Amino acid sequence: MRKEDDRFRLVQEGDREPLFVTRRRTGRVITFRVFAASVFGCICSIWFYRVTAPSEIDENRTGFVRFIWLVMLTLEIWFGLYWLVVQSLRWNPVWRFTFTDRLSRRYGNDLPTLDVFVCTADPVIEPPLMVVNTVLSVAALDYPPEKLAVYLSDDGGSELTFYALAEAAEFAGVWVPFCKRFNVEPRSPAAYLSSTANGLESSAAAKEVAELYREMAARIETATKLRRVPEEARLKYGDGFSQWDSDVTQRNHGTILQILVDGRKKNTVAIPTLVYLSREKRPQHHHHFKAGAMNALIRVSSKITCGRIILNLDCDMYSNNSKSALDALCILLDEKEGKEIAFVQFPQCYENITRNDLYGSMMRVIADVEFNGLDGNGGPLYIGTGCFHRRDVICGRKYGEVEEEESEEIQEILEPEMIKALASCTYEENSQWGKEMGLKYGCPVEDVITGLAIQCRGWKSAYLTPKKKAFLGVAPTNLHQMLVQQRRWSEGDFQILLSEYSPVWYGQGKIGLGLILGYCCYCLWAPSSVPVLVYSVLTSLCLLKGIPLFPKVSSLWFFPFGYVTVAANAYSLAEFLWCGGTFRGWWNEQRMWLYRRTSSFVFGFIDTILKKLGASESAFVITAKVAEEEAAERYEKEVMEFGVESPMFLLLGTLGMLNLFCSAAAAMGLMTSRDGQHFQTMGMQFVITGVLVVLNWPLYQGMLLRNDKGKMPVTVTVKSVVLALSACTCIAFL
Ligand SMILES: *[C@@H]1O[C@H](CO)[C@@H](O)[C@H](O)[C@H]1NC(C)=O
Ligand SMILES: CC(=O)N[C@H]1CO[C@H](CO)[C@@H](O)[C@@H]1O
């Protein structure tokens, strides 16, 4: 009897099954917690050792040595506390799984309207052909075309980008139906045509589409190379180009708006709405970078298609999975748990990664471990791309306030001139835009702070990592770009910590402790550079000078130091391999971990402090997406690229040389003295400095052994050697 009841209930609730489930891995979490407790025990004994400073080394401690030990104690307290904060990211990870089949059964084509915002800022750094491939890949998403709109925001105000989009709008008429008919994947034409395994190569339809694409690509590339739009195109899309008068420049122009495909009208071919927008820019008005562009898009789109859901994408991130919108909707439309979720973040994945990921660009552990941990604590950060938002939430709706119903009637169609006013420089004056509405201004990582503010209004967010990556971008392919990007991130995150929206005080009582700590892990990137820098310099210099900093290898006190070092690294290696990485990849990531902390984060830290003191201005550097041929070859071979003179390289070079000189001198001293006792007391320092030297191998190669264009510039090498030698000499005679 009871069984039948159950079955009856199941049938009744058959179409009320959840659209997604949240899973935990209990076994792994318990193992991790036991392990973390053991490491913490050892950290405490390290602190205890430093404070009580056992008598074994005490006899010959002078005031200078005492001071150094005090510094070591401070650093180790910092490392220990930071380690504690970081554990929040692994304490309670969750994984989400969606059921798109249930979504289709329940909603069919009756899905909410979706607006996709693609942002580009410079036609040279971000080639128009790449941008339109991204646009085409989302235009062909598996989604009813009458519900979908793609907006391209061009902060470069470039005719070339507009021209490329106009060409793409025409090509979309062939491409979108083709993708849907043959269920093509991926839906970026360039990516599809370059993948050989698509099996459709031979069909007539595929050949025709490929031919059309190649012709279009050739036209766009020629125009880009000549920096001139062909005359035929000007005639064809006249009303678009007429908006560029002779004095339009990148920094000074009126709003340019063109609806290239209008899905609100009944079209014969079903393709989504396509809109080009370049908001007004005037030198005397601050444009607030990408956040400003996003806010202009939010307003302009509200008068055109007004999608209830907004997907935000960088112009280099194409959709590699046409079902990603449905995945995200499984979460946002779920009647129970989904109701409290404001946005769904996909990881930032890259296609241009070499096997061992020389620059650690994939951030494997962040993407596959830490963000799942954040999700378990209340939700991942909004990272500015690959994120599905609810429009009304991004515009300020608090959790618990009623949602406005989507109006059934077709929106009144406004004149383009009236819509353009929404993207003018002055529209935001005396308004809540940039504060309570839209993306927040005044921070280099506006996305993170916006996500935090949404979570502080009571919302949660969700993190989705489907096996087939949803969006794929282009990673920085040289060391300098990578370090510059990291500098901006660390600086922005640190500014958040010091701002009025700091997770620590603003988030207090609004979001859970786990999430506050989770934010702090990233917000403390910049300040965490200083201890790492000091620690690595101190251990090397003290090795040179023969000042012991660690217990003897034979002493019992050596155990906690050894355990923390070995266990933490073994765990991090296991985690990395579990995320699908290789051993070399892990080793490369350790190097990047060191380089980021001893260059990008140092500069991020100094910049932030200077800015707080009012001595420096914000600047936003876009990272280039194309590499010249030789450099690309070196990238493929995983040879580290230096090539430019940069203060960050000077710092890295000096530190590298310092480690090298100190360990070489100490090794020579050891060989001449033949004193086993020396190795006993200095063992740990030998190992640390030695590991740093081995880790730095590509740096030494770049400075001393290579002869290609990508080697370290000679001036940097010379300066580094001089600086490192003077530091060693100073210490030796102190
Ligand atoms: C991208 O999509 C293609 C085609 O479906 C698939 O084979 C590939 O594995 C995807 N790439 C990633 C990184 O998931
Ligand atoms: C921009 C860029 O570097 N693209 C490269 C990405 O990787 C593929 C294959 O490894 C190359 O063909 C692209 O040129």
Side-chain angles (χ1 to χ4, degrees), residues 95-98 100-101 104 116 118 129-143 175-203 205-206 209-210 213 311 313-328 330 344-372 380 383 385-388 463-477 576-582 585 588-589 625 635-636 638:
W95 285 261
R96 318 261 191 188
F97 299 92
T98 58
T100 41
D101 49 337
S104 316
V116 184
V118 178
L129 187 58
M130 175 185 83
V131 176
V132 298
N133 264 293
T134 302
V135 169
L136 286 166
S137 76
V138 277
L141 275 178
D142 192 355
Y143 210 80
W175 179 247
V176 175
F178 170 76
C179 287
K180 302 220 165 149
R181 188 161 152 227
F182 295 101
N183 214 359
V184 158
E185 293 283 345
R187 295 191 175 178
S188 141
Y192 167 70
L193 293 175
S194 68
S195 71
T196 45
N198 52 46
L200 271 174
E201 282 301 26
S202 50
S203 85
V209 168
Y213 173 74
L311 163 62
L313 274 186
D314 278 351
C315 65
D316 64 338
M317 291 215 107
Y318 68 85
S319 154
N320 195 53
N321 180 351
S322 61
K323 299 262 188 272
S324 57
L326 301 180
D327 278 330
C330 280
V344 178
Q345 177 69 60
F346 284 87
Q348 199 165 1
C349 301
Y350 304 103
E351 59 169 352
N352 263 68
I353 301 287
T354 49
R355 185 171 147 69
N356 298 311
D357 194 8
L358 184 62
Y359 303 115
S361 343
M362 274 180 88
M363 313 233 155
R364 248 177 227 284
V365 171
I366 295 187
D368 286 342
V369 178
E370 301 191 350
F371 266 52
N372 293 92
I383 53 174
T385 180
C387 188
F388 288 83
Y463 185 56
L464 263 189
T465 47
K467 255 220 177 63
K468 195 163 122 195
K469 305 291 185 233
F471 303 102
L472 289 180
V474 184
T477 53
F576 194 83
L577 296 179
W578 181 83
C579 297
T582 60
N588 288 337
E589 176 143 309
K625 312 288 187 202
Y635 177 67
E636 293 291 325
E638 304 199 322

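Since we're looking at a predicted model, the values are computed, not measured. Indexing begins at 1, ligand by ligand and atom by atom, following the structure's order.
- For ligand 1, the atoms closer than 4.0 angstrom to any heavy atom of Lys468 are 2 (O), 5 (O), 14 (O).
- Between Asn320 and ligand 1, an N or O atom pair is found at a separation short of 3.5 Å.
- The protein heavy atom nearest to atom 13 (C) of ligand 1 is Lys469 CG, 3.4 Å.
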Trace of the side chain to side chain donor-acceptor pair (under 3.5 Å) decision for Tyr192 with Asn133: CA-CA 10 Å; Tyr192 167 70; Asn133 264 293; over 6 Å; no

Derivation and outcome, side chain to side chain contact (heavy atoms under 4.5 Å, CB included), residues Cys349 and Phe471: CA-CA 7 Å; Cys349 301; Phe471 303 102; over 6 Å; no

Donor-acceptor contacts, no H, no angles, side chain residues 358-366, under 3.5 Å, sequence neighbours left out:
from   : atom 1 : to     : atom 2 : distance (Å)
Tyr359 : OH     : Glu641 : N      : 2.9
Ser361 : OG     : Asp357 : OD1    : 3.4
Arg364 : NH1    : Cys579 : O      : 3.2
Arg364 : NH1    : Gly580 : O      : 3.4

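- A donor-acceptor pair shorter than 3.5 Å cannot be found between the side chains of Tyr350 and Asp316.
- Contact annotation for atom 7 (O) of ligand 1: protein absent (non-hydrogen atoms, distance under 4.0 Å).
- The nearest protein heavy atom to atom 11 (N) of ligand 1 is closer than 4.0 Å.
- By the ring-ring contact (aromatic ring centres under 6.0 Å, His included) test, Tyr318 is found to be paired with no residue, residues two or more places apart in sequence or in another chain being considered.
- Among Pro186, Ala191, Ser322, the residue whose heavy atom sits closest to atom 4 (C) of ligand 1 is Pro186.
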